[in-house]
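Notes follow the structure.
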There are 2 protein chains.
Amino acid sequence: MRSQRTAIQDAAEVFKALGNPARLRMVRELSDGEKCVCDLVAAAGLGWSTVSRHLSILRAAGVVMDEKRGKQVIYQLALPCVSRFLACLENPSLYPAMHSACCGEDG
Amino acid sequence: MRSQRTAIQDAAEVFKALGNPARLRMVRELSDGEKCVCDLVAAAGLGWSTVSRHLSILRAAGVVMDEKRGKQVIYQLALPCVSRFLACLENPSLYPAMHSACCGEDG
DNA sequence: TGCATGTTTCGCTAAATAGCGAAACGTAGT
DNA sequence: ACTACGTTTCGCTATTTAGCGAAACATGCA
């Protein structure tokens, strides 16, 4: 029942979830398409337990969603804007420009 | 000289900077236009020193930029995509949809 | 120069986070 | 039911972060 009571809080959760290199790496991996935890472990270069915790943080923030498939758990992005925003951030040359050509149109 | 060596790291810094309710509130305030620290103190509802620290974090991450004007320091957003992304996050109803109507066109 | 005001840095404490390894849990197959 | 494998939870320690108040620093004006 914390729908608009914490709009900022919720948004902050998303940012906080993305504010970690390991999690960001995983998210970037997911931009490419859905992956099982094993793939994400490889992408993050960390232990299983650590990755699992990171994933639960991303899940709680609503950035990713999981789906059991056979004996694996498949993750995918739940927040497509993230890929776009990420693409923006990874083009530092676009930062200073006061246009958002990277994230959509200028309007 | 850490241009692409830490593309992810840098992006994570941005997210980390935004991953705090107080800082997010300030950033939202800045979406409205440039502000002096005093305005941001009011927006955050925190002490001056705390806000100053938050601002230096946002500045270091490249989210905002500052400019001395008279005896005040004026802040403004340096990353316009942020406003757009924020708008996306604050419309939870748009999350699950696999379109990014919120953050730009679909392409 | 010296005062008043706006802003940042410093020192501190409580709380949150990242990472690991071991153990627990769940599902597929025998 | 048992085994094997994929995934998550638990217990732990080191590091980081949030917040504050006091002090330092900078600027405009007299």
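Sequence lines set the chain letters: A, B, ... in the order given, protein chains first and strands last, and positions in each chain run from 1.
Regarding Leu40(B), its CG atom lies at a distance of 15 Å from the P atom of dG6(C), rounded to whole Å. Note: CD (Gln72(A)) to P (dT27(C)) measures 14 Å, nearest angstrom. To the nearest angstrom, P of dT7(D) lies 10 Å from CG of Leu55(A). Atom NZ in Lys71(A) sits roughly 5 Å away from atom C1' in dC5(D) (whole-Å rounding). For the pair Trp48(B) CH2 and dA26(D) P, the interatomic distance rounds to 18 Å; values are reported in whole Å. What separates CZ of Arg69(B) from C1' of dG6(C) is a distance of 15 Å, to the nearest Å. Between Leu46(A) atom CG and dG21(C) atom P there is a gap of 11 Å when expressed in whole angstrom units. Taking atom CG of residue Asp66(B) and atom P of nucleotide dT9(C), one finds them 10 Å apart after rounding to whole Å.
Dashed line: the shortest gap from a side-chain N or O of Lys16(A) to OP1 or OP2 of dT17(C) is under 4.0 Å. Between Ser52(A) and the phosphate of dT7(D), there is no side-chain N or O to OP1/OP2 separation shorter than 4.0 Å. Here Thr50(B) reaches the OP1 or OP2 of dC20(D): one of its side-chain N or O atoms lies under 4.0 Å away. Phosphate proximity of dT17(D) to His54(B): absent, as no side-chain N or O sits under 4.0 Å from OP1 or OP2. Dashed line: the shortest gap from a side-chain N or O of Asn20(B) to OP1 or OP2 of dA18(D) is under 4.0 Å. Applying the 4.0 Å criterion to OP1 and OP2 of dG6(C), one finds that Tyr75(B) has every side-chain N and O outside that range. Checking the phosphate oxygens (OP1, OP2) of dA18(D), a side-chain nitrogen or oxygen of Arg23(B) falls inside 4.0 Å.
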For the pair Leu40(A) and Leu30(A), evaluate side-chain contact (heavy atoms from CB on, under 4.5 Å) and give the outcome as yes or no after the intermediate values. CA-CA 8 Å; Leu40(A) 299 172; Leu30(A) 290 173; 4.1 Å; yes
Report the C-alpha distance between Arg23(A) and Glu29(A) in whole Å, list the side-chain angles of each, state the deciding distance to 0.1 Å, and finish with yes or no for salt bridge (charged side-chain N to carboxylate O under 4.0 Å, His left out). CA-CA 10 Å; Arg23(A) 287 197 289 266; Glu29(A) 196 69 10; over 6 Å; no
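Taking the six-membered ring where tryptophan is involved, the planes of Phe15(A) and Phe85(A) are perpendicular, since the angle between them exceeds 60° and thus also 30°.
Distance from the side chain of Val73(A) is smallest for dT7(D) among the nucleotides dG19(C), dA22(D), dT7(D).
Heavy-atom nearest nucleotides on DNA chain C were determined for Arg53(B) and for Cys38(B), and the one closer to the 5' end corresponds to Cys38(B).
There is no path of hydrophobic side-chain contacts, each under 4.5 Å, that joins Ile57(B) to Val51(B).
Counting only heavy atoms from C-beta outward, the side chains of Leu77(B) and Ser31(B) approach each other to under 4.5 Å.
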